[in-house]
> 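The structure follows.
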Amino acid sequence: IGFFRFFFGLLILSPLILRNNFAILKTSNLKLYFLRSSLNVFGMLFNFTALGLLTLEKSAAFGFVSPIYATIFAVLILKEKIRIYRLTALIIGFIGVIIIAQPSLSGVEKGVYFALLGQLCFGLTMVLIKKMSYKDSSLTILSYQYILTSFFLFILFIPFFEIPNSFQFLQLATAAFLGTFMHYFFNQAIRLTEVTFLTPFKYLGLIFASIFGFIYFGDVPSVYTWIGGTILFSSMLIITIRENQLSKDIVKKSDINNL
């Protein structure tokens with residue numbers, strides 16, 4: 001699934017890569033791209049393993065731990081400042097994740113370790129994207145992601161080679177189309193703002209996943225999912241309101257200085 005997902009995405013990007021004689025691939029961040037793609041592969045493997053050991057709901061909940069890792073890495077690597085409102089929002093968001101995951105007092109499931117390792121990989125990739133975006137465009141970042149990740153996954157895919165049927169082919173192509181545009185918009189967002197500002201918005205994915213899961217599969221989320229999702233949304237709301245206030249303050253100070 002992972003190989004075809006990125007391979008079909010690479011086919012979608014091919015016209016852009018071939019245009020202007022591969023000019024889009026010119027970069028000085030090649031080592032970072034190899035590191036980022038390696039982390040992508042390990043993150044996928046860890047998360048697929050976790051999915052096999054945990055319930056779907058719990059596995060999805062752990063998917064929202066990566067913003068916490070990303071914020072920590074952004075402070076350590078990118079030297080971003082984490083304001084009290086951002087820190088508060090992330091803590092509130094983490095509480096929401098805990099409520100959804102419903103940890104047991106009897107111990108920690110093995111799948112939890114794989115889930116946390118997978119999200120650690122994805123959290124670090126968010127910071128690497130930000131670092132690469134200082135010099136490269138969103139399309140360059142996206143192109144290298146799909147080229148290198150497809151290559152790494154193909155090596156792992158060879159022993160399990162299987163041609164999908166027509167319906168599976170359509171599903172994989174659709175996933176590739178949606179995933180490719182998702183990655184492009186995500187890379188663009190990271191280029192335009194700080195990682196610590198973006199991370200709470202990732203929690204919205206839980207709400208959308210619950211809605212689509214109910215519409216297409218009839219999955220009814222537990223009350224803990226809705227309570228946790230509400231808390232996660234609150235964390236996003238806090239940081240959004242605060243950032244708007246800061247932006248207005250900056251504009252006002254700029255206007256005063258220009259008088």
Side-chain angles (χ1 to χ4, degrees), residues 1-3 5-6 32 34-78 82 87 89-131 145 148-149 152-153 155-157 159-160 175 179 182-183 186 195-196 198-210 213 219 221-229 231-232 235:
I1 294 173
F3 166 71
R5 153 77 175 76
F6 279 92
L32 290 180
F34 271 94
L35 176 59
R36 187 264 175 104
S37 295
S38 299
L39 287 170
N40 270 346
V41 172
F42 280 110
M44 288 177 60
L45 292 177
F46 286 137
N47 281 330
F48 283 154
T49 303
L51 188 59
L53 297 173
L54 301 173
T55 63
L56 181 60
E57 184 175 290
K58 182 172 288 190
S59 181
F62 279 111
F64 299 96
V65 178
S66 60
I68 298 174
Y69 286 131
T71 299
I72 296 173
F73 286 130
V75 173
L76 296 176
I77 299 175
L78 302 179
I82 181 167
L87 181 60
L90 288 172
I91 292 175
I92 293 175
F94 182 74
I95 293 173
V97 171
I98 293 298
I99 292 175
I100 296 169
Q102 303 174 52
S104 173
L105 296 177
S106 61
V108 179
E109 299 175 72
K110 291 182 180 180
V112 170
Y113 296 110
F114 287 105
L116 291 176
L117 285 172
Q119 296 313 310
L120 177 67
C121 293
F122 290 142
L124 184 53
T125 60
M126 293 174 66
V127 176
L128 291 178
I129 292 171
K130 180 65 177 181
K131 193 173 183 64
Q145 176 190 1
L148 295 176
T149 303
F152 292 147
L153 288 174
I155 295 176
L156 297 175
F157 170 67
F160 310 98
M182 178 274 292
H183 280 131
F186 182 69
V195 173
T196 49
L198 282 178
T199 48
F201 288 90
K202 192 175 187 295
Y203 294 136
L204 277 175
L206 179 61
I207 297 175
F208 287 124
S210 298
D219 294 336
S222 70
V223 64
Y224 293 102
T225 300
W226 287 109
I227 293 175
I231 293 175
L232 293 175
S235 72

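Keep in mind the model is a prediction, meaning the values are calculated, not measured.
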> Rounded to the nearest 0.5 Å, how far apart are CZ of Phe6 and CG of Leu148?
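It is 11.0 Å, given to the nearest 0.5 Å.
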> Applying ring pair (Phe, Tyr, Trp, His ring centres under 6.0 Å), name anything that partners Phe3, two or more places apart in sequence or on another chain.
Phe7, Phe154, Phe157
> What's the separation between atom CG in Leu116 and atom OH in Tyr69, rounded to the nearest 0.5 Å?
4.5 Å
> Would you tabulate the side-chain donor-acceptor contacts of residues 36-45 under 3.5 Å, counting partners in other chains and residues two or more places apart, or write 'none'?
| residue | atom | partner | partner atom | Å |
| --- | --- | --- | --- | --- |
| Arg36 | NH2 | Gln145 | OE1 | 3.1 |
| Ser37 | OG | Tyr33 | O | 3.1 |
| Ser38 | OG | Phe34 | O | 2.8 |

> I'd like to check the side-chain contact (heavy atoms from CB on, under 4.5 Å) partners of Leu53; sequence neighbours left out, ordered by chain and number.
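Partners of Leu53 under the side-chain contact (heavy atoms from CB on, under 4.5 Å) test: Thr49, Lys110, Phe114.
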> Given side chain to side chain contact (heavy atoms under 4.5 Å, CB included), test Thr125 with Phe73 step by step and report yes or no.
CA-CA 10 Å; Thr125 60; Phe73 286 130; over 6 Å; no
> Could you go step by step and tell me if Leu120 and Phe46 meet the side chain to side chain contact (heavy atoms under 4.5 Å, CB included) rule?
CA-CA 10 Å; Leu120 177 67; Phe46 286 137; over 6 Å; no
> Nearest 0.5 Å please: distance from the CD1 atom of Ile91 over to the CZ atom of Phe94.
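Ile91 CD1 to Phe94 CZ: 10.0 Å, rounded to 0.5 Å.
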> Could you check Ile77 against Leu124 for side chain to side chain contact (heavy atoms under 4.5 Å, CB included), going step by step and ending with a plain yes or no?
CA-CA 10 Å; Ile77 299 175; Leu124 184 53; 3.9 Å; yes
> What pair of heavy atoms forms the shortest contact from Ala50 to Gly111, and how long is it?
CB-O, 3.5 Å
